[in-house]
There are 2 protein chains.
Amino acid sequence: MNSEDSLDALLDALVRSTFQVTSVLSRVGAANDLSLTQLRVFGILRDRRPRMTELAAYLGLDKSTMSGLIDRAERRGLLARGKNPDDRRIVDVYLTPAGHELTERLYGEVRQILAPELSRLRPEQREQLLGLLEPLLNPDDAHGGPQATGRKS
Amino acid sequence: MNSEDSLDALLDALVRSTFQVTSVLSRVGAANDLSLTQLRVFGILRDRRPRMTELAAYLGLDKSTMSGLIDRAERRGLLARGKNPDDRRIVDVYLTPAGHELTERLYGEVRQILAPELSRLRPEQREQLLGLLEPLLNPDDAHGGPQATGRKS
DNA sequence: TATTGTTATACTCTATAACTATA
DNA sequence: TATAGTTATAGAGTATAACAATA
């Protein structure tokens, strides 16, 4: 069946490109003693200040795993724990200035590595790719309209 | 600069969809006591019989890490080590029948999870996406021609 | 001597279970 | 009682260094 084959081929390409990008992220992280998971934590913390449980849920990790992860990064001065005055059980997490700097630097490195590949796409192709990735980014979207809806470039 | 912005947006989408797919792969792996790395090993072994060093190089891991990884999977009867008669230093690795079965089953599960999202793309959009991922899959391509070159559906 | 792979060691990542503090 | 987070523990993943076997 043709539709099945096309799905298989796409799935395969998707998985392989996923490993490709993951490999870049790991490499950049490792060069700075950060695991992929920590890189992800830093990415989330770029514009948020979640509590431990939220972070764990978002990453699909146990809260005890989060404790260790945050411990190690905190010990390096890259992020900090804050107390919530309303509910003193809650601990929220945020990047220190050093953590912010590092995060932006790492994103820059990733960008430098991937930009050459992506530059092989013409601008309108990049726009296309961005749109086609949409279903993966919002898995539970009500998929009524065409994919060109709410995004104003 | 507009071209810069479009690159940033695409990079961001690419990283996020990477984490999305990774999350699916991890979940499916974890449900069968396989790490992401082992899943990757199994994916490679699906149609190859590499030696330890090749495998390590391909995954970007140290050979000592490979030893442990292969040890644990071998202990479960999912893959095996073979001796090379030409050069007795070489150890090559291959899936056992049980390993093959498991691998195909896992790929099926991944497919079942991702298919609904990808089905939101029309067939010609899937074809498009497949083509647009090409630059990521072959990072060192001489990028002379259009991306529709050597792949025959 | 150089290469292939394993072993010893140390650290990170991860989950489960038991715990403390707060609500 | 229930929730937020930490700690204790154990196993997997990882790299570095030292090693054995083969070339």
Side-chain angles (χ1 to χ4, degrees), chain A residues 19 22-23 25-45 49-94, chain B residues 19 22-23 25-45 49-94:
Chain A
F19 283 135
T22 299
S23 159
L25 293 170
S26 296
R27 221 174 337 126
V28 168
N32 292 273
D33 286 299
L34 287 178
S35 70
L36 198 59
T37 304
Q38 278 183 318
L39 218 62
R40 246 183 120 181
V41 170
F42 282 57
I44 294 170
L45 259 40
R49 186 193 166 105
R51 61 174 77 172
M52 296 290 288
T53 309
E54 285 172 346
L55 212 40
Y58 194 80
L59 296 170
L61 297 172
D62 192 86
K63 50 192 176 138
S64 66
T65 301
M66 282 313 311
S67 286
L69 236 27
I70 299 304
D71 276 351
R72 288 182 290 273
E74 189 176 30
R75 223 176 293 139
R76 293 169 61 184
L78 298 174
L79 50 79
R81 279 182 236 238
K83 279 278 176 209
N84 186 319
D86 298 341
D87 183 336
R88 281 151 57 214
R89 293 173 299 181
I90 293 174
V91 171
D92 45 30
V93 186
Y94 57 94
Chain B
F19 283 135
T22 299
S23 158
L25 294 171
S26 296
R27 221 174 337 125
V28 168
N32 293 273
D33 286 300
L34 287 178
S35 70
L36 198 60
T37 304
Q38 278 183 319
L39 219 62
R40 244 183 123 181
V41 169
F42 282 56
I44 294 170
L45 259 40
R49 187 194 166 105
R51 61 175 76 171
M52 296 291 289
T53 310
E54 285 171 348
L55 212 40
Y58 194 81
L59 296 169
L61 297 172
D62 192 85
K63 50 194 175 136
S64 66
T65 300
M66 281 313 311
S67 286
L69 237 25
I70 299 303
D71 277 351
R72 287 182 288 272
E74 190 177 28
R75 222 176 294 139
R76 293 169 61 184
L78 298 173
L79 50 77
R81 282 181 235 236
K83 279 278 175 208
N84 187 320
D86 298 342
D87 184 337
R88 280 151 58 215
R89 293 173 300 182
I90 292 174
V91 171
D92 45 29
V93 186
Y94 57 95

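Below, chain A is the first sequence line, B the second, and so on; all start at residue 1.
Look at CZ on A:Arg40: it is 21 Å from P on C:dT12, rounded to the nearest Å. What separates NZ of A:Lys63 from C1' of C:dA17 is a distance of 10 Å, to the nearest Å. What separates CG of B:Leu69 from C1' of D:dA12 is a distance of 9 Å, to the nearest Å. In this structure, B:Asp62 atom CG and C:dT3 atom P are separated by 16 Å, rounded to whole Å. If you measure from atom CZ of A:Arg75 to atom C1' of C:dC13, you get 13 Å, rounded to the nearest angstrom. Put simply, CD1 on B:Ile70 is 16 Å from C1' on C:dT7, counting in whole angstrom units. If you measure from atom CG of A:Leu36 to atom P of D:dT14, you get 11 Å, rounded to the nearest angstrom. Distance, A:Leu39 CG to D:dT14 C1': 17 Å, rounded to whole Å.
Between B:Asp62 and B:Thr65, the closest side-chain pair of non-hydrogen atoms falls below 4.5 Å. Between B:Ile70 and B:Val91 there is no side-chain heavy-atom pair separated by less than 4.5 Å. Within the 4.5 Å cutoff, the side chain of A:Leu45 has no heavy atoms near those of the A:Tyr94 side chain. In this structure, A:Arg81 and A:Glu74 have side chains that are in contact, with non-hydrogen atoms separated by less than 4.5 Å.
Nucleic acid contact for B:Asp92: none, since no nucleic acid atom lies under 4.0 Å from a heavy atom of the residue. Among the heavy atoms of the strands lying under 4.0 Å from B:Ser35 are primed sugar atoms or P, OP1, OP2 only; no base atom is included. Nucleic acid contact for A:Asp33: none, since no nucleic acid atom lies under 4.0 Å from a heavy atom of the residue.
Between A:Gln38 and C:dC13 there is a side-chain N or O to OP1 or OP2 distance below 4.0 Å. Using a 4.0 Å cut-off, some side-chain N or O of A:Arg81 falls inside it from OP1 or OP2 of D:dT6. In this structure, A:Ser67 reaches the D:dT6 phosphate: one of its side-chain N or O atoms is under 4.0 Å from OP1 or OP2. Residue A:Arg88 places at least one side-chain N or O closer than 4.0 Å to OP1 or OP2 of C:dA23. Checking the phosphate oxygens (OP1, OP2) of D:dG13, no side-chain nitrogen or oxygen of B:Thr37 falls inside 4.0 Å.
Checked by distance alone, A:Arg72 brings no side-chain donor or acceptor within 3.5 Å of a matching partner on the base of C:dT12.
Using a cutoff of 4.0 Å between basic side-chain nitrogens and carboxylate oxygens, A:Arg49 and A:Asp92 are scored as salt-bridged.
Each of A:Gly60 and A:Pro85 was assigned the nucleotide of DNA chain C with the nearest heavy atom; the assignment lying further toward the 5' end belongs to A:Gly60.
Of all nucleotides listed (C:dT14, D:dT16, C:dA17), D:dT16 comes nearest to the side chain of B:Ser64. Comparing atom distances between the B:Arg89 side chain and each of D:dG5, D:dT3, D:dA21 picks out D:dA21 as nearest. Of all nucleotides listed (D:dA21, C:dA15, C:dT22), C:dT22 comes nearest to the side chain of A:Asp87. For A:Leu61, the side-chain atoms get nearest to C:dT14 when compared with the rest of C:dT14, D:dG5, D:dT14.
Between B:Ser35 and the options B:Thr37, B:Asp33, B:Leu39, a side-chain contact (heavy atoms from CB on, under 4.5 Å) holds for only B:Thr37.
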